[in-house]
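Take a look at the structure set out below.
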Amino acid sequence: MGKIELPTQLPKDFFLGAAMSGPQTEGAWQATGKLPNLWDRWSNLNITDFYNLVGSYGGNDFTRRRDEDIQIFKDLGLDSVRTSIQWSRLMDKDGKLNQAGADYYHELFAAFAKAGIDVFVNLYHFDMPAYLYDRGGWENREVVEAYANYARAAFDEFGQEIKNWFTFNEPIVEPQQRFTNAVWYPFHHDFAEARRVQYGISLAHALATHEFRLAQAAGTVRADAKIGLINCFTPPYTKENPSEEDLEAVRIVDGVDNRWWLDLVTKGEFPQDILDDLDRSDIDLGQRPGDEQVIKQGPVDWLGFNYYHPARVQAPSKKTDQYGNPVFAEEYVWPDAVMNKSRGWEIYPKGIYDFAMTMRDNYPDLEWFVSENGIGIQGENANKDEKGQIQDDYRIEFVRDHLKWVAKAIEDGAKCRGYHYWAVIDNWSWANAFKNRYGFVEVDLDDNYSRHYKKSADWLRRVATTHTIFDA
Ligand code: BGP
């Protein structure tokens, strides 16, 4: 393919900001009455599972450095930041508001507001409170109800402060990481359980969206507020000359990972072909009479799209795995793939455009934004110059190329309204802890989490303040 000339200008009203999450930044894991979530539990159970033995406890020290970090966002010209409320901080075990937790977030939102930065609030970022997992987690309707109750409490408490709300970040990831691939606590290899969790999360999303609508009608939530869902809508690709079976693998992966959520948030239903596939594989989602009415409450006002890498799949070589789970697809290793070796993820900027075109063609009314995109690199200290500044030209290149495809998508009619980079300041990456660094701003763990601009920070400031995508 010849090289396409991509645009270098983003619209004036396009927003540019940062994405982060409560569990990866806040730390203060026992302050303000916060209860343990599954990350705290896993850290307590087996700290050796975490890179360099760094568990969930400290985040990236954001709680202590809140004002300094907000100044950094401001200095870099960012207009908005998405973070999450931790369920385990806002609510107590009986489902009542924890006032000290509520005050924590009131102060946080006020500090952002004072700096003129719009805060987007997500309600769940893989951080199930441990006591609720013990009650059955997402497979238990009581926990689904508890989430709706938590969402209502958040809308009541912060409804006048926050304009942009999201029910979940990447709801497909817990089913995958915790219950299929067994890489996160509680390490299950159970495809059917993963689908029940997916179903439970979907119900929780729909109930919370309903609560939002009620709160807005009652005036508790601002009239100009919006509710959305954020997912990593990984566009699936296959071989150049695919067989029918390869295309079938694409259909199913796309169906479970992407269309499931897209249909939920646009039509209030699930893709029938996937429900049929699951039925044929004897997977019981635990559906109950009346659920359809709940799911109908799923449609949102807009969507967040997290994009790191594409999915490449092909027909599976076997029908079941060693645990007896059905296998619908296998990974396809594209020989031309450019890899981020630190993370093992393919770098494919055009994927952002392809997703944008799918949205334009199949869900033309829905507005969306790039809610996460970024590159995590191991061993960045090796790239320090004589003054000690990390020279991360690869980060500039990565973001530049993705932004240009975003600009092209907008030119071609995509309703993409903004871009949030993950993570402007290095933060804690789950079991990888601080192994791969995403930031434009370094967090120095050997110097009490102090913050230092990397080379790319200056580039980001120029882009954020001019909306021009500079080459370097
Ligand atoms: C997304 C998550 C983030 C973040 C990011 C980078 O899936 O929403 O929480 O962590 O991926 O991935 P990782 O931290 O695993 O390198």
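Order of appearance sets the numbers: ligands from 1, and atoms from 1 within every ligand. All of these numbers come straight from a predicted model, not from anything done at the bench.
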What protein heavy atom is closest to [atom], reported as residue, atom name and distance in Å?
atom: atom 14 (O) of ligand 1; value: Ser429 OG, 2.7 Å
atom: atom 5 (C) of ligand 1; value: Tyr308 OH, 3.3 Å
atom: atom 2 (C) of ligand 1; value: Glu372 OE1, 3.4 Å
atom: atom 15 (O) of ligand 1; value: Arg343 NH2, 2.8 Å
atom: atom 12 (O) of ligand 1; value: Tyr438 OH, 3.3 Å

Item to check | Carboxylate-amine/guanidinium contact Glu380 Arg437, below 4.0 Å | outcome: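 Here Glu380 does not pair with Arg437 in a salt bridge, since their nearest N and O are not under 4.0 Å apart.
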Next on the checklist: Please report whether ligand 1 has a polar contact with Glu170, defined as an N or O pair separated by less than 3.5 Å (distance criterion only).
Outcome noted: yes
Checklist entry - N/O of Gln24 under 3.5 Å from N/O of ligand 1, yes or no? => result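 Yes, at least one N or O pair falls under 3.5 Å.
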Next on the checklist: Is the positively charged end of Arg152 above the ring of Phe212, judged by distance under 6.0 angstrom from the centroid and angle within 45° of the axis?
Outcome noted: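 Checked: cation-pi criterion not met.
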Answer yes if the side chains of [X] and [Y] hold a donor-acceptor pair under 3.5 Å, and no otherwise.
X: Glu170; Y: Asn231; result: no
X: Asp92; Y: Tyr131; result: no
X: Ser450; Y: Asn448; result: no
X: His420; Y: Ser80; result: yes

Checklist entry - Going by the atom numbers of ligand 1, which of them fall below 4.0 Å from some non-hydrogen atom of His125? => result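 Going through ligand 1 atom by atom, the ones under 4.0 Å from His125 are 2 (C), 3 (C), 8 (O), 9 (O).
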Checklist outcome for this item: Quick note on ligand 1: atoms under 4.0 Å from a heavy atom of Trp345 include exactly 12 (O)
Item to check | Aromatic ring proximity Trp422/Tyr308, centre distance under 6.0 Å | outcome: no
Checklist entry - Does Asn169 come within less than 4.0 Å of ligand 1, judged by its heavy atoms? => result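 Checking ligand 1 against Asn169, which is what was asked, there is a heavy-atom contact under 4.0 Å.
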